[in-house]
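Written below as structure tokens is the structure these notes are about.
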Amino acid sequence: MNEETETTADVHNVVIVGSGVAGLSAAVYAARADLEPLVLEGPEPGGQLTLTTDVENYLGFSKGIGGMELIQNGKDQATRFGAEFTHGTVENATLEEPPFELERSNGDVLQTRALIVASGASARWVGAENEDELMGYGLSTCATCDGAFHRGDDVLVIGGGDSAMEEALFLAKFADSVTVVHRREELRASEIMADRARDNEDIEFRWNTELKAIHGSQEEGVTGATLVSHPDGYPAEKTETSVDRETVDVGGVFYAIGHTPNTEFLEETAVERDENGYLHTRADDAGRATTETMVEGVFAAGDVADPHYQQAITAAGTGSMAALDAEASLETLERTEETALEVAP
Ligand code: NAP
């Protein structure tokens, strides 16, 4: 994607990194507060919602709404109030003091007095054959979003962590059968989640097994999957002679092998991240949660700071919170600057 050339002389009030539901919600709030936010659309414009078909659990759409449509509506809404959008992936950030500097991959440097990081977390993909074509057409990374479309289907869940257990338990309410396909013979999930899944009679497990290919088309959806078992366990020396290969009929495949938050560009800054890269936010003086990171004037919204809920509606909520927090922070910054001017000789 070509990045538009940006005039670097301007110092923006707020730059929002990410144009998923969190970034858009922040943009609507910041724009309505006359902050003229600039939204940077990264390599996955619109975020994870653009990977799903219908969104049925976002409040206010009684008949559901397409993921793309929801995102486009949000973009139109933010634009209507004065938000601007430009393409660009941030490679580096310098956050010692405002104005902060953001270097994009085309070399441009943007300056901003407040920064909202809403760059999301990307679901990891397995790398199976046909996954690019079938993502959103029976292949999904979100059971809560797409599970209800699989009533009566046999489905696979790929992964062995808490997410896989949670997805399998959710899918068991709709699907005829759920098979958890895990590459090892020992789950990574917590005991409580693993026990719940094991106790559910609609959930089966395939151990030491990997997904190699998904079958189907965008017209008919997922129709099957090729699984490869390693009788000697994973990660065995996977020679093609020591594997069992089988094609199974399934109507859906769900990836639950973890998410990677898009926070690499903050690696060299004082913004704190947990061991998986998710951003830490801090409490205010009264102990209440805020969206501010460990760097004053830098805020986090959506999945980038949320390894747990990861829902569109919670992302939108934290997006609005981040914009309100940024607005308050800019007011404080302005007062500080005015005071400094008054005392200056
Ligand atoms: P996770 O704990 O990292 O588990 C990922 C699973 O996917 C692992 O079993 C891993 O296998 C497997 N995997 C990774 N890459 C793979 C690949 N290329 N092919 C096949 N399998 C692959 O991720 P998560 O389950 O998303 O959980 C993330 C965090 O959120 C955890 O801290 C979890 O406790 C938390 N969480 C909590 C809840 C809850 O409490 N309700 C729900 C969801 C998530 P290996 O085991 O072989 O590495």
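Both counts, for ligands and for their atoms, begin at 1 and track the order of listing. Computed from a predicted structure; not experimentally measured.
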Tell me which donor-acceptor pairs under 3.5 Å the side chains of residues 287-294 have, and how far apart each pair is, sequence neighbours excluded?
| unit_1 | atom_1 | unit_2 | atom_2 | d |
| --- | --- | --- | --- | --- |
| Thr290 | OG1 | Arg282 | O | 2.6 |
| Thr290 | OG1 | Glu292 | N | 3.0 |
| Thr291 | OG1 | Asp325 | OD2 | 2.7 |
| Glu292 | OE2 | Gly297 | N | 2.8 |
| Thr293 | OG1 | Val295 | N | 3.2 |
| Thr293 | OG1 | Val295 | O | 3.3 |
| Thr293 | OG1 | Val298 | O | 2.9 |

For [X], take its heavy atoms, then give the atoms of ligand 1 lying under 4.0 Å from any of them.
| X | result |
| --- | --- |
| Arg184 | 45 (P), 46 (O), 47 (O) |
| Gly160 | 6 (C), 7 (O), 8 (C), 9 (O) |
| Gly258 | 23 (O), 26 (O) |

With respect to [atom], which of [options] exhibits the smallest heavy-atom separation?
| atom | options | answer |
| --- | --- | --- |
| atom 40 (O) of ligand 1 | Asp162, Val180, Ile257 | Asp162 |
| atom 24 (P) of ligand 1 | Ala256, Ser163, Gly127, Gly161 | Ser163 |
| atom 20 (C) of ligand 1 | Arg183, Glu210, Glu166 | Arg183 |
| atom 3 (O) of ligand 1 | Arg188, Glu275, Arg196, Glu167 | Arg188 |

For ligand 1, find out whether one of its N or O atoms is nearer than 3.5 Å to an N or O atom of [X].
| X | answer |
| --- | --- |
| Glu186 | no |
| Val126 | no |
| Arg124 | no |
| His308 | no |

Practice task
Could you check if a side-chain atom of Tyr278 sits within less than 4.5 angstrom of a side-chain atom of His308, using non-hydrogen atoms only?
Solution key: no
Handout entry: Side chains of Phe299 and Ser329 in contact at under 4.5 Å (non-hydrogen atoms)
Key = yes
Problem - Counterpart residues, salt bridge (Lys or Arg N to Asp or Glu O under 4.0 Å), relative to Glu246 (two or more places apart) - result: Arg206
Practice task
Could you grab the distance from atom CE of Met165 to atom CZ of Arg198, nearest 0.5 Å is fine?
Solution key: 8.0 Å
Handout entry: Test side-chain hydrogen bond (donor to acceptor under 3.5 Å, both in side chains) applied to Arg245 and Thr226, step by step
Key = CA-CA 7 Å; Arg245 183 179 286 263; Thr226 299; 5.6 Å; no
Exercise for the section: Could you tell me whether Arg273 and Glu267 have a side-chain N and a carboxylate O separated by less than 4.0 Å? Expected result: yes
Exercise for the section: Assess His182 for proximity to ligand 1: is some non-hydrogen atom of it under 4.0 Å away? Expected result: yes
Exercise for the section: Measure up the Phe61 and Tyr58 rings against each other and bin them: parallel (under 30°), tilted (30 to 60°), perpendicular (over 60°). Expected result: tilted
